[in-house]
Amino acid sequence: MASPLKSLVIDDNRYQKSFQLFLERSSEHQCMQDFIHNTLPDILASIGDGKSHLNVIGVGSGAGEIDLEMLSQLRLKHPGVTVDNEVVEPSSMQLHQYKVMVSQKPNLDYIKFTWNKMTSSEFEEQWRVKKMTKKADFIHMIQMLYYVKDPRATIEFFQSLLDKKGKLLIILVSGESGWGKLWRTYRSQLCNTEISQCVTTGDMKSFLDSKGVSYQSYELPSQMEITECFTEGDEKGELLLDFLTEVLDFSNTASPELKAGVLELLQHPDCSMESNGKVIFNNNLGVIVIDPQT
């Protein structure tokens, strides 16, 4: 039976509000920053094969903070190169914020930005129609494979664009995170697969292993405070629940059984821990770095 629950992503305004609250409540961006500064530089050092011009594609770049962090690390490892940066982002709100940030940030003259206000599947379609032959040195897909119809086909397409020393970077929630447990338990009720997929790095690694694809993987510890989720009618709690379940107005549209089951699971030790009276959700991320097809 088709789920009566609506996906959060159809209401961009509420999605952005819940996403901002998620960022405030979680150490997500901090753990990504740590990865970008401590681990990514060595990965970026290996790309490019000595070229003076590098092609980068950001898929689902959002407002661009993480993109620009990675581009600055790229610059440190490859001083003097010029960069062609294709930005693929369907949200006009996010894309606008990205453009504003670029206009205010000095020393980005070495980067040519191409703005693609579209989904990754629209970008893929456009690439095929134009019969593009350009190869990419670095492609990143951060927290976006949930929003494509076929994550596996999407990975295969973007891997096919890599130059011989290129790298495809994927960040998703870890299969060992609270998200992994939540989705394994309630995937059929929460996931509207037309709009969003409940995928973790665990799922993606199984797929890559089955295809014999070469990759490296990393775990990024992260937490999120979700205490208000357990206070009936709390506005922030309801926004966080929407974000956790990917369901628009989950508190008021889910069946009482589903809501009770989800709230119970969110407090379960497999998902969260209690600390000083607060409920701390396991928001661990996983990183996968894929090599070019051989």
Side-chain angles (χ1 to χ4, degrees), residues 26-48 54-62 66-67 69-71 73-74 77 86 88-89 119-121 123-124 135-184 187 191 196-222 282-294:
S26 76
S27 59
E28 169 129 343
H29 269 188
Q30 186 54 52
C31 80
M32 282 193 203
Q33 299 278 7
D34 292 346
F35 173 79
I36 288 167
H37 289 273
N38 300 325
T39 308
L40 186 64
D42 287 344
I43 296 166
L44 293 176
S46 68
I47 71 168
L54 298 175
N55 292 321
V56 176
I57 304 175
V59 191
S61 286
I66 298 291
D67 282 32
E69 288 277 348
M70 292 192 291
L71 287 165
Q73 293 299 322
L74 182 68
K77 285 296 174 185
E86 295 264 4
V88 182
E89 172 53 53
T119 64
S120 73
S121 49
F123 180 79
E124 183 176 337
K135 291 290 185 182
D137 300 289
F138 181 52
I139 303 173
H140 54 85
M141 312 169 84
I142 295 180
Q143 293 287 44
M144 61 69 62
L145 278 173
Y146 319 111
Y147 308 115
V148 297
K149 270 194 179 164
D150 188 340
R152 292 161 179 81
T154 301
I155 288 176
E156 288 184 318
F157 168 71
F158 283 101
Q159 187 196 18
S160 76
L161 304 188
L162 290 176
D163 209 352
K164 60 180 181 292
K165 287 272 189 165
K167 297 283 184 186
L168 168 58
L169 173 81
I170 294 166
I171 298 183
L172 287 170
V173 295
S174 164
E176 305 307 308
S177 67
W179 299 93
K181 177 68 176 173
L182 180 64
W183 290 344
R184 281 192 295 277
R187 182 172 274 167
C191 275
S196 64
Q197 320 293 328
C198 298
V199 289
T200 69
T201 48
D203 301 318
M204 292 299 101
K205 286 193 271 192
S206 299
F207 163 67
L208 295 171
D209 289 340
S210 73
K211 292 281 187 182
V213 173
S214 165
Y215 66 89
Q216 301 83 48
S217 68
Y218 309 85
E219 286 282 313
L220 310 184
S222 174
N282 177 334
N283 185 54
N284 287 6
L285 302 181
V287 179
I288 301 174
V289 181
I290 299 177
D291 297 319
Q293 291 161 337
T294 47

So do [Y] and [X] actually touch side chain to side chain, heavy atoms under 4.5 Å?
| X | Y | answer |
| --- | --- | --- |
| D34 | L220 | no |
| H29 | I66 | yes |
| N282 | K181 | no |
| F158 | S120 | yes |

**OP:** Would you mind telling me which of D150, V148, L208 makes a side-chain contact (heavy atoms from CB on, under 4.5 Å) with I155?
**Re:**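 Single side-chain contact (heavy atoms from CB on, under 4.5 Å) partner of I155 among D150, V148, L208: L208.
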
Quiz: residues 160-172 side-chain donor-acceptor pairs under 3.5 angstrom, not counting sequence neighbours:
residue: S160; atom: OG; partner: F157; partner atom: O; Å: 2.4
residue: D163; atom: OD2; partner: K51; partner atom: NZ; Å: 2.7
residue: K167; atom: NZ; partner: D291; partner atom: OD1; Å: 2.5

Original post:
Can you check side chain to side chain contact (heavy atoms under 4.5 Å, CB included) on V56 and M70, steps first, answer last?
Top reply: CA-CA 10 Å; V56 176; M70 292 192 291; over 6 Å; no

Excluding sequence neighbours, so at least two apart, what forms side chain to side chain donor-acceptor pair (under 3.5 Å) with [X]?
| X | result |
| --- | --- |
| T201 | none |
| E86 | N116, K134 |
| S177 | none |
| D42 | none |

Quick one: side-chain contact (heavy atoms from CB on, under 4.5 Å) partners of [X], sequence neighbours excluded?
| X | value |
| --- | --- |
| S121 | T119 |
| S222 | S27, E28, C31, N283 |
| T39 | F35, I43, Y218 |
| P41 | Q73, K77 |

How many angstroms lie between atom [atom1] of [X] and atom [atom2] of [Y], to the nearest 0.5 angstrom?
| X | Y | atom1 | atom2 | value |
| --- | --- | --- | --- | --- |
| L74 | D67 | CG | CG | 11.5 Å |
| L182 | T200 | CG | OG1 | 12.0 Å |
| M141 | S61 | CE | OG | 10.5 Å |

Original post:
Sequence neighbours excluded, which residues qualify as ring-ring contact (aromatic ring centres under 6.0 Å, His included) partners of F138?
Top reply: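 Partners of F138 under the ring-ring contact (aromatic ring centres under 6.0 Å, His included) test: H140.
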
Show the nearest heavy-atom pair for residues [X] and [Y], with the distance to one decimal.
| X | Y | value |
| --- | --- | --- |
| A136 | I57 | CB-CD1, 4.0 Å |
| E89 | G60 | OE1-C, 3.5 Å |
| L40 | I36 | CB-O, 3.5 Å |

Original post:
Listed by chain and number, what are the salt bridge (Lys or Arg N to Asp or Glu O under 4.0 Å) partners of E156, not counting sequence neighbours?
Top reply: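 Applying salt bridge (Lys or Arg N to Asp or Glu O under 4.0 Å) to E156 gives K211.
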
**OP:** Carefully, step by step, assess L285 and Q143 under the rule side chain to side chain contact (heavy atoms under 4.5 Å, CB included).
**Re:** CA-CA 9 Å; L285 302 181; Q143 293 287 44; 3.4 Å; yes

Subject >> Sequence neighbours excluded - salt bridge (charged side-chain N to carboxylate O under 4.0 Å, His left out) pairs with any residue from residues 198-210 >> reply: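 Checked against salt bridge (charged side-chain N to carboxylate O under 4.0 Å, His left out) - neighbours excluded - the pairs reaching residues 198-210 are R187-D203.
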
**OP:** Answer yes or no: does atom CD of E176 have more than 12 heavy-atom neighbours from other residues, nucleotides or ligands under 6.0 Å?
**Re:**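 No, the 6.0 Å shell around CD holds no more than 12 heavy atoms from other groups.
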
**OP:** Compute the centroid of each ring, for W179 and then for Y146, and state whether the two points are separated by less than 6.0 Å.
**Re:**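 Centroid distance W179-Y146: not below 6.0 Å, so no.
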
Original post:
Should F123 and V59 be marked as a side chain to side chain contact (heavy atoms under 4.5 Å, CB included) after you check the CA-CA gap, both sets of side-chain angles, and the distance that decides it?
Top reply: CA-CA 9 Å; F123 180 79; V59 191; 5.9 Å; no

